[in-house]
Amino acid sequence: MVASPAAQFALAQQLRTPEGAHLGDVFSFVSGLYFRGKLAYARRFAAPPDPLEPVTAGGVLVITPNAGLRAADAPVTIETFRAFAGAPIDLQNAAYRQPLERGALALLDAVGSDCEVVLLGSIASGKYVEVLQPIFGERLVFPPAFVGRGDMSRGGLMLRCVTAGLELEYAPVAGAVRHGSRPPRLQPLK
């Protein structure tokens, strides 16, 4: 929908300009609740050692299919978006894996040895963990409250945390239980 030349809503029009649209906005539109929750949560609770360090992008980075880690506010044009759509997120795909490894190594260098890196993406599959965990080791953490939850439930949980001002607890990905039984459904918002 957002890539359609006939689309007239603001984000689609912005995506077609030479300046493009923000990566976070485009991914939020495409992914819906889950990514909206991740983005809102990251913006609310990110605490990079140096908020002005360009590599850390204020602590809010997005894993892309073919460009590694990018700031949520990085510009995306329709051509960039189409390139994302054509790049499989697969560990065997060097066009995905190598930029992500380079970005993670640059991030490791930028944040130093005392900073935790919070992964809000799925840890159930290896598509992120198998690349990031060897680089960050024990400093790669995730919310254990995600285990057993589907994408929509994780997105809803993060949006509730943002609204309540409550940051989730984190645990190292290394050695963590990555699959589990489904937790109780989130209570509907009033």
Side-chain angles (χ1 to χ4, degrees), residues 1-5 7-91 93-112 115-123 127-133 135-136 139-143 151 154-155 158-159 161-162:
M1 237 174 103
V2 76
S4 170
Q8 295 303 308
F9 56 95
L11 182 64
Q13 289 179 340
Q14 193 176 8
L15 189 61
R16 292 192 300 262
T17 67
E19 297 79 26
H22 288 164
L23 174 64
D25 295 339
V26 174
F27 275 32
S28 290
F29 179 85
V30 173
S31 298
L33 177 64
Y34 179 40
F35 194 87
R36 262 194 348 263
K38 285 196 288 189
L39 187 58
Y41 185 90
R43 286 181 169 152
R44 171 66 175 84
F45 297 111
D50 179 357
L52 301 178
E53 162 61 51
V55 173
T56 65
V60 183
L61 295 163
V62 177
I63 298 171
T64 65
N66 64 355
L69 297 170
R70 292 289 183 253
D73 294 334
V76 175
T77 63
I78 191 67
E79 292 80 17
T80 309
F81 179 69
R82 287 191 175 121
F84 286 163
I89 297 177
D90 184 314
L91 293 173
N93 177 11
Y96 161 69
R97 186 182 183 107
Q98 291 172 354
L100 182 54
E101 287 171 339
R102 283 192 301 273
L105 289 167
L107 180 60
L108 177 65
D109 187 52
V111 299
C115 184
E116 289 181 329
V117 175
V118 179
L119 177 62
L120 297 177
S122 174
I123 65 159
K127 64 185 178 183
Y128 307 133
V129 173
E130 302 305 321
V131 177
L132 300 175
Q133 205 277 317
I135 293 170
F136 295 111
R139 289 179 287 155
L140 182 66
V141 299
F142 79 107
D151 289 352
R154 290 192 305 264
M158 287 183 280
L159 287 174
C161 288
V162 169

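For reference, positions follow the sequence shown, starting with 1.
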- Just by modelled atom types, is the Ala87 backbone N or O under 3.5 Å from a matching donor or acceptor in the Asn66 side chain?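 The answer is no, because no donor-acceptor pair under 3.5 Å joins these two groups.
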- Is a side-chain N or O of Thr17 found less than 3.5 angstrom from the main chain of Gln14, in a donor-acceptor match?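 Side chain of Thr17 to backbone of Gln14, a donor-acceptor pair under 3.5 Å: yes, one is there.
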- Item | Residue list, side-chain contact (heavy atoms from CB on, under 4.5 Å) with Leu119, at least two apart or on another chain |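 Here the qualifying residues are Ile63, Ile123, Tyr128, Val129, Leu132, Leu140.
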- Query: Can you name the side-chain contact (heavy atoms from CB on, under 4.5 Å) partners of Gln13, sequence neighbours left out?
  - Reply: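 Gln8, Arg16.
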- Item | Residue pair Val30 / Phe35, side-chain heavy-atom distance below 4.5 Å |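 Answer no - side chains too far apart.
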Provide the closest heavy-atom pair for [X] versus [Y] in the form atom of the first, atom of the second, distance.
X: Leu23; Y: Ala71; value: CD2-O, 3.6 Å
X: Lys38; Y: Gly121; value: NZ-CA, 4.0 Å
X: Tyr34; Y: Leu120; value: OH-O, 3.0 Å
X: Phe136; Y: Ala104; value: CZ-O, 3.4 Å
X: Asp90; Y: Tyr96; value: O-CD2, 3.4 Å
X: Pro48; Y: Thr56; value: CB-OG1, 4.1 Å

- With sequence neighbours left out, what residues match Arg44 under salt bridge (Lys or Arg N to Asp or Glu O under 4.0 Å)?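 Salt bridge (Lys or Arg N to Asp or Glu O under 4.0 Å) check on Arg44 returns nothing, list empty.
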- Please assess Val2 against Phe9 for the test side-chain contact (heavy atoms from CB on, under 4.5 Å), listing each intermediate value before the final yes or no. CA-CA 8 Å; Val2 76; Phe9 56 95; 4.1 Å; yes
- Task: Determine, step by step, whether Thr77 and Leu15 satisfy the side-chain contact (heavy atoms from CB on, under 4.5 Å) criterion, reporting the C-alpha distance in whole Å, the side-chain angles of both residues, the deciding distance to 0.1 Å, and the verdict.
- Result: CA-CA 5 Å; Thr77 63; Leu15 189 61; 5.6 Å; no
First locate atom [atom1] of [X], then atom [atom2] of [Y], and finally report the distance between them rounded to the nearest 0.5 Å.
X: Asn93; Y: Lys127; atom1: CG; atom2: NZ; answer: 13.0 Å
X: Phe142; Y: Arg154; atom1: CZ; atom2: CZ; answer: 10.5 Å
X: Leu11; Y: Ser28; atom1: CG; atom2: OG; answer: 9.0 Å
X: Leu108; Y: Glu101; atom1: CG; atom2: CD; answer: 13.0 Å

- Task: Under the side-chain contact (heavy atoms from CB on, under 4.5 Å) rule, what do Val60 and Asp73 come out as? Steps first, then yes or no, please.
- Result: CA-CA 9 Å; Val60 183; Asp73 294 334; over 6 Å; no
